[in-house]
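Have a look at the structure below before the remarks.
Bear in mind that the values here come from a model prediction, so they are computed numbers and not experimental data.
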Amino acid sequence: MVRMKRNDGRHRMTAYRRAAAVFLAVCMMLQTTGCGESGVDGAQTGQTGESVDSGTAGTDGTGAQAEPQDGQTGGNGNGEEVDGTAEQMEVVDVTDTIPLNIIEDNYRTYYEVFVYSFCDSDGDGIGDLQGLISKLDYINDGDDTTDTDLGCNGIWLMPIGPSPTYHKYDVMDYYDIDSDYGTMEDFKELLAECDKRGIKVIMDLVLNHSSSQNPWFTEACAYLKELGDGEPDTAVCPSFDYYHFSREQGAGCYAVEGTDWYYEAQFWSEMPDLNLDSEALRAQIEEITGFWLDMGIGGFRLDAVKEFYTGNPQANIAFLDWFTTMVKEQKEDAYLVGEAWLDINDYAQYYGSGIDSLFNFAFADKDGIISKVVNGSPASRYGTVSASLQETFGQYNENYIDAPFYTNHDMGRSAGYYAGENSEKQTKLAGAMNLFMSGSAFLYYGEELGMKGAGKDENKRAPMYWSTDAEKAGMCDGPADMDDFQMKFGSLEEQEQSPDSIYQYYKKVIKIRNQNPEIARGEVEYLESVSGDSFCVLKKTWEGSEVLLVFHTGAETAELDMSGIMVNSAEISEGNIRGALESGEERIVLSNGTITMPGYSVLVLK
């Protein structure tokens, strides 16, 4: 699976040699790498007992059987620029010849959709459920033989319930669909179409607060106005107990008009906080989750879990414990992921609730680990923290599923994290670093196009960039207060036509993730001996099968000496290649255990 690369950088391979290289790649897919080892054939991948013996896992990449080495030219983990004077072997990428290996569990690749800005089906400028249905084949067409979809097998829907705001994080009715988005019948159709494609749908569930226009709240306020100086009776007005009402004005409290009562609303006066200690409210919550789970959704994304009991993390965790137990009794395989925007050691504690996942904020945003590493911080930071998560999270819940993400609707878009001539390459690499993390990875709509948007929240939720023609069918207007700004990279229409676009790169990354279940599920080992400032090498082991992820985060072409490093009991060679991600025209080269990698590239070996 190699072809010759001459020292002047030009390819002089004959047609015969090209055909032979492709033939060799296909042949490698039709046989295993050896007795008892994980084969390339997708029928064997991931099957316990047909992969390499689990007893050998981890003994060949830890340095125990190889002399310590810096692994890189120069010996400091930076690598050195390659002069190209020697004949070397250029990697042929075989990604398109490897079958997908999709496993039906809660390790998925989720696509976060803000329906308002995604796709408009009726011409009113607002995205809707029918518009989303029309674009499902873009997310996943359900056909493993095609190569025209992203390959995401999960969708996270931001709030879709009736709401007075465009973002809909203040819910008026927990049992309905906002009329701007469509009807309950539209939603049922969406679920049915997603089910055909193997897409699991999770819904945003906002339990910290409701809308001030929710009947629960308006009825309670009306009751207090009529009550006068009397004492409230929850038997008369049950929803009085759903909120934090008091005759004393504390921090973050607002007056109930026409009374001497106040209510708590820490986020905004029109988002009254819910009293999650209320047994009557908990009964309502149980009805709400059962309603949507019975309809066919796959789980919930829980908003602002650290704010349930402001300043009281143990109370937050206790509520999540109750909620998780309750939901799992309703649907055993329901997937729950919580948002706790905190430092990693603080949100790690929330795994003690038994919740499946928590968003991994340490790697996200412009100040997160991924962005910092791609902008020049040592690559070792990505590797050491990735490997440490097993202890950081596992000490609270051994069955945790990490939820890595890079950006979301509350953060500036990643295209703005990088500047200069390498910004497109950096944008690509950062996407791979997110999607190659373990757990259920999350991708915010439009990041696969390198969409732009920063500053006010509305800018971060700009219309999906299907076309440069704003009048084209399906295009949305976006939030009313969004600034007018130009995108940095091309629209989908343009990027579909370019094999080297950010969009094509993201498709390939997700495809590699879907071909190799070890990437999402594997136990992570950081290979310090061959990593450093600009190289990070991770080994992931799952059910006895190993995969190596080699990240080069520097701008210049550099060599990495991987001699002595083993994967699935074999020394590294062209036969181990499962994917090559280059961000420019220069290709990755493998020769006698040494990998020559252009800047911002990734190599996957198995």
Under 3.5 Å donor-acceptor, [X] side chain and [Y] backbone:
X    : Y    : answer
S117 : F114 : no
K539 : E546 : no
K508 : A580 : yes
S380 : E528 : no
W156 : L443 : no
N153 : T109 : yes
E559 : T596 : no
S498 : Q495 : no
D128 : S121 : yes
N576 : S573 : yes

Kindly compute the distance separating [atom1] ([X]) from [atom2] ([Y]), expressed to the nearest 0.5 Å.
X    : Y    : atom1 : atom2 : result
F551 : L538 : CZ    : CG    : 6.0 Å
S583 : Y505 : OG    : OH    : 4.5 Å
I199 : E193 : CD1   : CD    : 9.5 Å
M487 : R413 : CE    : CZ    : 7.0 Å
D93  : L603 : CG    : CG    : 9.0 Å

Exercise for review: Establish, yes or no, whether a centroid distance under 6.0 Å links the rings of F405 and F361.
Suggested key: yes

Point to revise | Check: Y138 ring centre within less than 6.0 Å of F118 ring centre | key: no

Check your understanding: How are the rings of Y110 and Y335 set relative to one another: parallel (under 30°), tilted (30 to 60°) or perpendicular (over 60°)?
Key ->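 Correct class here is parallel.
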
Testing the basics here: between [X] and [Y], what is the closest heavy-atom pair and its distance to 0.1 Å?
X    : Y    : result
L429 : S601 : CD1-O, 4.3 Å
R108 : G198 : NH1-O, 3.3 Å
P598 : E582 : CG-CG, 4.2 Å
L548 : L527 : CD2-CD1, 3.8 Å
A403 : S357 : CB-CB, 3.9 Å

Review point. Between K540 and E518, is the closest basic N to carboxylate O distance under 4.0 Å?
Key: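 Salt bridge: no.
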
Review point. Is the shortest distance from a Lys or Arg side-chain nitrogen in D149 or R197 to a carboxylate oxygen in the other one below 4.0 Å?
Key: no

Distance-only polar pair, side chains of [X] and [Y], donor-acceptor under 3.5 Å:
X    : Y    : result
K366 : N375 : no
Y418 : T427 : no
E494 : S491 : yes
D483 : N459 : yes

Practice item. Applying salt bridge (Lys or Arg N to Asp or Glu O under 4.0 Å), run through E493 and K472 and close with a yes or a no. Key: CA-CA 11 Å; E493 283 183 340; K472 193 151 189 179; 2.2 Å; yes

Counting only heavy atoms not in [X], do more than 12 sit closer than 6.0 Å to its [atom1] atom?
X    : atom1 : result
Q504 : CD    : yes
R381 : CZ    : no
D410 : CG    : yes

Check your understanding: Given K200, which of D195, N106, I155 fulfils the side chain to side chain contact (heavy atoms under 4.5 Å, CB included) condition?
Key -> N106

Practice item. Decide yes or no for T553 and V374: does some side-chain heavy atom of the first lie under 4.5 Å from some side-chain heavy atom of the second? Key: no

